[in-house]
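To start, the structure itself, in structure tokens.
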Amino acid sequence: MKLKIRYFASLREAIGFSQEELESAAVTVGEVRDELLAKSGVYVCLERTRSVRMALNQVMVNEDVKIQDNDELAFFPPVTGG
């Protein structure tokens, strides 16, 4: 299936681009994260030892949520107020 992946803030800076299209065999958000980690070392900022938030079609989700063709999945670091 085809997904639009977006990266924000420090994740965008670490990966080097803000978005990409991904052909994926994943069923869940967590499986997409695994695919990205396996794809290249550039995605090391998405490792599970790091705090990363995810949104599917602009709704906050956890890794167990199922994805569908043409979904938009966004990754971003936790946001702090000030």
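Position 1 is the first residue of the sequence; numbering continues from there.
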- Does Ile5 reach the side chain of Val32, with side-chain heavy atoms less than 4.5 Å apart? yes
- Task: Kindly say whether Glu31 contributes a backbone atom to a donor-acceptor pair with the side chain of Glu35 at under 3.5 angstrom?
- Result: no
Validation: residues 68-77 side-chain donor-acceptor distances under 3.5 Å, sequence neighbours left out:
unit_1	atom_1	unit_2	atom_2	d
Asp69	OD1	Lys2	N	2.7
Asp71	OD1	Asn57	ND2	2.9
Asp71	OD2	Gln68	N	2.7

- Message: Measuring only between side-chain heavy atoms, which start at C-beta, is Met60 closer than 4.5 Å to Arg53?
- Response: yes
- So CZ of Phe8 and CD of Gln19: to nearest 0.5 Å the spacing works out to 8.5 Å
- Task: Please assess Lys4 against Glu21 for the test side-chain contact (heavy atoms from CB on, under 4.5 Å), listing each intermediate value before the final yes or no.
- Result: CA-CA 5 Å; Lys4 181 175 184 179; Glu21 299 267 328; 4.3 Å; yes
- Message: Membership question, hydrophobic clusters at under 4.5 Å side-chain separation (ILVMFWY): are Val27 and Leu37 in the same one?
- Response: no
Just distance, no hydrogens or angles: give the donor-acceptor pairs under 3.5 Å from side chains in residues 40-52, sequence neighbours left out.
unit_1	atom_1	unit_2	atom_2	d
Ser40	OG	Val42	N	3.1
Tyr43	OH	Glu20	OE1	3.2
Tyr43	OH	Glu20	OE2	2.7
Arg48	NE	Glu63	OE1	3.1
Arg48	NE	Glu63	OE2	3.4
Arg48	NH1	Asp34	OD1	2.7
Arg48	NH2	Gly30	O	3.1
Arg48	NH2	Asp34	OD1	3.0
Arg48	NH2	Glu63	OE1	3.1
Arg48	NH2	Glu63	OE2	3.4

- Worked check of side-chain contact (heavy atoms from CB on, under 4.5 Å) between Asp64 and Val29: CA-CA 6 Å; Asp64 298 331; Val29 169; over 6 Å; no
- Item | Between CG on residue Leu3 and CD on residue Glu23, distance to nearest 0.5 Å | 8.0 Å
- How about Met54 and Asn62: do any of their side-chain heavy atoms sit closer than 4.5 Å? no
- Report the distance from atom CG of Leu22 to atom CD1 of Ile67, rounding to the nearest 0.5 Å. 8.5 Å
- Message: Can you tell me if Arg12 has over 12 outside heavy atoms packed within less than 6.0 Å of its CZ?
- Response: yes
